[in-house]
Protein chains: 2
Amino acid sequence: MTFAQFSRQASLSRGDICREILASHRESIKAKKEATAVKNLELIFDATLALANQKGFQAMTVRDLSRATGLSMGALYDYFTSKEELLEMVLSTGRRVVMRLLERGLQEAQGPLEQLRAAIRTHLFLSEAMQPFFFFAYMEARHLGEEQKERAKQSELATERLLAEIIQRGAKAGLMAPGDHQMAAALIKAMLQDWYLKRWKYAKRRVSVDRYAGFVERAALALCLGQGLPSPGEEMTGS
Amino acid sequence: MTFAQFSRQASLSRGDICREILASHRESIKAKKEATAVKNLELIFDATLALANQKGFQAMTVRDLSRATGLSMGALYDYFTSKEELLEMVLSTGRRVVMRLLERGLQEAQGPLEQLRAAIRTHLFLSEAMQPFFFFAYMEARHLGEEQKERAKQSELATERLLAEIIQRGAKAGLMAPGDHQMAAALIKAMLQDWYLKRWKYAKRRVSVDRYAGFVERAALALCLGQGLPSPGEEMTGS
DNA sequence: GCATAAAGCGAGCGAGCGATCGCTTTTTTA
DNA sequence: TAAAAAAGCGATCGCTCGCTCGCTTTATGC
């Protein structure tokens, strides 16, 4: 599976995402006609991600957003009741879309090794297709209220658990070396996140998602196949 | 080397860091006596990291800082000329201290394998000892001015280059498998950063730095020793 | 083509921000 | 212990923020 193939089959457009925002916030959005609502939500969604990723959501002002979208202050507030709700709106909808596509990307893979590869590629390809959103979600999670922040953490743990369970099944089937599958999953997750957190670095080096995916796959396999790997010195001094 | 050993020999105290801030900003700090200046800089440094890591530097107000330190608005402005200078002050001094300690931690290790282990442990132990600062530096880098932001990126690339050069030497000496040493270094760096970015996760699981270091070491070795590792399927569909 | 509903507007509000400065309190010096 | 120096203070300033609301403009239905 390459990124090009993934893009073709996933076909996730901003329009779909904004229709989803509209559906889940129907009561607080004043616009009556779906066409108008979706058009403006797209403007707002894009501009919010662009501005927030450039200067941070806190530093972005609603006047910035007005300038970037071409909508007046008043018109903007027909789509959210407060700046905080705007943040919550973008994050919760995005997270829901990501989760759905992640699960869809995994259901075809058969056997632990194939599943591990599918999980890695799906995660990377998704974060490539929705890079501004992934970066936004990572950096702005801590500005959320307590119960929303907890949901963000749960989302992080859920994707990690997905990896851990694959590795555990692989170990049980004798395809991977036994070891700490939770820790292995955590390290793989860290590698996956680096792709969208350090975009500027990989862009400058002209590393494509496909090449990065290949590399992470090999690293993950090396990690899972050789977990018992004897290593010189005194580790496991742990708490 | 364990974290306990590292802490003993590095002995980096807040006092030392604040003395360094004082020295490099002598002209803009109004306090005359070193003892007073260092005492208050410690209060300011600690409170800034605590507040900014909780709610973000932008969202933290100078009045918050006044409440947390017990100093009045006026007294605070005897130590920095603007909120932005406070940010720059903390970040640039911290980065200088980190760079010095990183280099010191590496100079004893002999041979690529030992150097790789030393680099991993030193980076992890440093980020453990100065966790609030590392998190702060990572999250607030993008709120800096352009030339300071560039310096932050250079700092990121410098530590990565350090790893890449070790791996390259190891491959030349035949101790590690040949491969893309820059990419291997990038992935190792991602694993190192996860330690201070996801503190809450590892704390809840009672994973100590020492145990984490052991795990990253094994992952790094698996990655470097088996880089040519044949892997199923169609990768290297690159750029 | 006119009435009515929908969408869009932007000056203006109170709140809270970063920053200042004339004054008081504390410490040092002789 | 009195004078001088240093440190500390907080009301106040100008400004910008998030947000509102009475009004205008545009689209729709008959």
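Both backbone and side-chain heavy atoms feed into the values below; hydrogens, waters and symmetry mates do not. Chain identifiers are assigned alphabetically (A, B, ...) following the order of the sequence lines, protein sequences preceding nucleic acid strands; residue numbering begins at 1 within each chain.
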Discussion item. Starting the side chain at C-beta, find the nucleotide from D/dT20, C/dG8, D/dC9 nearest to A/Y77.
Written reply: D/dT20
Worksheet, complete the sentence: When rounded to whole Å, the CG to C1' distance for the pair B/L71 and C/dA19 reads 16 Å
Fill in: Side chain of B/N40 (C-beta onward), nearest among C/dG8, C/dA7, D/dG8
D/dG8
Worksheet item: Testing A/V38, A/V90, A/T93 for side-chain contact (heavy atoms from CB on, under 4.5 Å) with A/F45, which one passes?
Response: A/V90
Worksheet item: So which one's nearest nucleotide on DNA chain C is more toward 5', B/D64 or B/K33?
Response: B/D64
Response to the item:
Side-chain atoms of B/M73 come closest, of C/dA11, C/dG18, C/dG8, to C/dG18
Item to complete: Rounded to the nearest angstrom, tell me the gap between atom CG in B/L87 and atom C1' in C/dA19.
Response: 17 Å
Worksheet entry | Nucleotide nearest B/T61 (side chain, heavy atoms from C-beta), chosen from C/dC17, D/dA7, D/dC17 | C/dC17
Response to the item:
Here the gap from B/Y212 atom OH to B/M191 atom CE, rounded to the nearest 0.5 Å, amounts to 7.5 Å
Item to complete: State the OG1-CZ distance between B/T48 and B/F80, to the nearest 0.5 angstrom.
Response: 7.0 Å
Worksheet item: Checking all strands, does B/S82 fall into the base, sugar-phosphate, or nothing category for heavy-atom contacts under 4.0 angstrom?
Response: sugar-phosphate
Worksheet item: In Å and rounded to the nearest 0.5 Å, what is the CG to OG1 distance from A/D64 to A/T61?
Response: 3.5 Å
Discussion item. Please determine whether a side-chain nitrogen or oxygen atom of B/Y79 lies at a distance below 4.0 Å from atom OP1 or OP2 of D/dG8.
Written reply: yes
Worksheet entry | Closest to the B/S72 side chain, choosing from C/dG8, D/dG8, C/dA19 | D/dG8
Practice prompt. Measure from the side-chain heavy atoms of A/R63 and tell me the nearest of D/dG8, D/dC17, D/dT12.
Written response: D/dC17
Discussion item. Expressed as a whole number of angstroms, how long is the span from B/K32:NZ to D/dG8:C1'?
Written reply: 15 Å
Worksheet item: Going from CE on B/M130 to CG on B/L12, what distance comes out if it is rounded to the nearest 0.5 angstrom?
Response: 6.0 Å
Item to complete: With DNA chain D as reference, determine whether B/K30 or B/G74 sits nearer its 5' end, using the nearest nucleotide of each.
Response: B/K30
Worksheet entry | Given C/dG18, C/dA7, D/dC19, the nucleotide with the shortest approach to the side chain of A/K83 | D/dC19
Worksheet entry | Atom-pair distance (CG on B/D78; C1' on D/dA5), nearest Å | 14 Å
